[in-house]
Amino acid sequence: MYRFIIKSCSTCDLHGTLFSGQSFMWNNIDAGYDYYASIIDSSAVFIRKLSSHEFEVYSDSSMIYGISVPSFITSYLSIDIDINKVFHDRFQKSYPELWKLLSGYFSLRVLRQDFFETMITFMCAQGIGMHLIRKQVTMLCQMYGEKRALLFGEKLINLYSFPTPLSLAEADISILSRCTNNNRIRAANIARAARAFSEGVIDHEMLRNPQLPLPELRRVLCLNPGIGYKIADCIALFGLGRFDAFPIDTHVKQYLAHWFRSPEALKPLTPARYLELDREARTIFNPEFAGYAGHLLFHCWRREIKKLRTF
DNA sequence: GTCCAGGTCGTCG
DNA sequence: CGACGACATGGA
């Protein structure tokens with residue numbers, strides 16, 4: 001077991017990380033206010049908060065995705081991102097009431113999560129509630145993942161690893177569909193995407209190139225059945241660390257109408273309007289961090305206005 | 001019973 | 001393009 005200390009210049013709420021894209025991945029994550037545990041790149045990782053700006057990290061390997069654990073975790077928790085970078089002064093001054101409401105969400109992080117996990121979990125997130133999405137991911141991990149009991153000091157944590165691409169690629173659709181809310185189309189799309197990833201048709205390295213323009217990245221992801229604009233943008237934001245990607249779902253659409261008085265956001269969301277709202281968002285937010293900002297607003301909207309409890 | 005959930009896709013006007 | 005239904009289930 002390796003142990004590292006990481007110092008952070010910005011605060012990070014580890015429980016808040018659960019509100020990130022990993023809101024779905026309930027049984028392959030365990031987190032509380034001062035700790036976070038998961039299996040990342042098939043290695044067990046445990047993070048404990050020592051103070052607001054210091055973490056200790058335990059890992060059973062010295063490298064994750066080929067880079068040192070401290071470097072990886074710093075990137076994973078995106079503790080390099082500062083809230084004043086995410087929201088420019090103009091935004092803060094233009095929406096003072098909203099800014100005050102939003103201040104409770106500043107310690108929430110957008111994680112730089114695993115590409116494959118992100119792709120599959122967001123393919124489960126189509127027009128159904130958070131509860132059902134999490135149920136699907138839970139079943140996927142239990143049926144196709146690996147059970148792992150992790151011991152960190154005195155703390156025992158039971159988790160499932162996320163299924164490997166191959167295990168989903170070879171899955172029988174009738175069995176897999178039990179994990180996808182009985183939706184066979186979704187199950188077939190997931191198996192197909194897993195196959196494409198295994199075979200390199202979905203070229204992870206190519207997609208990870210930060211020079212790749214967002215529209216092109218979106219176009220390539222949308223080549224896969226079951227991935228539309230919204231899910232492609234989620235994969236870019238959470239799975240490729242593209243904080244400029246701005247996924248527009250039913251909640252984002254609602255707050256664009258309510259908080260930013262967008263008339264377009266009141267109409268049904270067609271592909272053409274999606275692109276139009278995407279353009280609008282880039283005039284409201286710092287385009288470089290539009291998605292990061294949008295994610296904070298997403299949770300703020302759900303909790304403060306819609307009174308939805310994610311946990 | 002009705003409506004809405006972190007949508008996507010095929011079909012039709 | 002835009003509207004509409006299918007896909008599926010469960011909580012409010």
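Reminder, nothing fancy here: chain letters follow the sequence lines and each chain counts from 1. It should be emphasised that the depicted structure is a prediction, and the values quoted were computed from it without experimental measurement.
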Gap between atoms [atom1] and [atom2], on [X] and [N] respectively (whole Å):
{"X": "Arg218(A)", "N": "dT8(B)", "atom1": "CZ", "atom2": "P", "result": "11 Å"}
{"X": "Leu296(A)", "N": "dG6(B)", "atom1": "CG", "atom2": "P", "result": "17 Å"}
{"X": "Arg302(A)", "N": "dC4(B)", "atom1": "CZ", "atom2": "C1'", "result": "12 Å"}
{"X": "Lys230(A)", "N": "dG7(B)", "atom1": "NZ", "atom2": "C1'", "result": "8 Å"}
{"X": "Arg309(A)", "N": "dG6(B)", "atom1": "CZ", "atom2": "P", "result": "14 Å"}
{"X": "Tyr274(A)", "N": "dG6(B)", "atom1": "OH", "atom2": "P", "result": "15 Å"}
{"X": "Phe298(A)", "N": "dG7(B)", "atom1": "CZ", "atom2": "C1'", "result": "13 Å"}
{"X": "Leu221(A)", "N": "dG7(B)", "atom1": "CG", "atom2": "C1'", "result": "15 Å"}

Residues Arg148(A), Asp60(A): salt bridge by 4.0 Å N-O rule = yes
Salt-bridge criterion met for Asp80(A) and Arg112(A) (N-O under 4.0 Å) = yes
Suppose we call two aromatic rings close when their centres sit under 6.0 Å apart. Are [X] and [Y] close by that rule?
{"X": "Phe260(A)", "Y": "Tyr95(A)", "result": "yes"}
{"X": "Phe298(A)", "Y": "Tyr255(A)", "result": "no"}
{"X": "His299(A)", "Y": "Tyr105(A)", "result": "no"}

So Trp99(A) and Phe106(A), would you call those rings parallel, tilted or perpendicular, with 30° and 60° as cut-offs?
->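 The arrangement is tilted - the two ring planes meet at 30° to 60°.
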Does the side chain of Glu56(A) come under 3.5 Å of the side chain of Tyr35(A) through a donor N or O and an acceptor N or O?
->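 No, because no side-chain N or O of Glu56(A) sits under 3.5 Å from a partner of the opposite role on Tyr35(A).
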Any side-chain donor near an acceptor of the partner, Thr138(A) and Gln142(A), under 3.5 Å |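 Judged by distance alone, the side chains do not pair up.
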If we take the C1' atom in both dG6(B) and dC1(C), what is their distance in whole Å?
-> 25 Å
Spacing of the C1' atoms in dA5(B) and dA8(C) (rounded, Å) =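 dA8(C) and dA5(B) have their C1' atoms separated by 12 Å.
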So does Lys253(A) get a side-chain nitrogen or oxygen closer than 4.0 Å to the phosphate oxygens (OP1/OP2) of dG7(B)?
->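 For dG7(B), neither OP1 nor OP2 has a side-chain N or O of Lys253(A) closer than 4.0 Å.
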Polar-atom pairs under 3.5 Å, protein N or O versus N or O of nucleotides 9-12 of chain B: list them with distances, or write none.
unit_1 : atom_1 : unit_2    : atom_2 : d
dC9(B) : OP1    : Gly226(A) : N      : 2.9

Among pairs that include at least one residue of residues 141-187 of chain A, which meet ring-ring contact (aromatic ring centres under 6.0 Å, His included), considering only residues two or more places apart or in two chains?
-> Phe46(A)-Phe152(A)
Which part of the nucleic acid, if any, lies within reach of Gln254(A) when heavy atoms closer than 4.0 Å are counted: base, sugar-phosphate only, or nothing?
-> sugar-phosphate
Base, sugar-phosphate alone, or nothing: which one does Lys307(A) contact when heavy atoms must sit under 4.0 Å apart?
-> nothing
Quick one, give me the B/S/- string for nucleotides 3-12 of chain C, reading 5' to 3', where B means a protein heavy atom under 4.0 Å from the base and S means that only happens at the primed atoms, P, OP1 or OP2.
-> S---SBBSS-
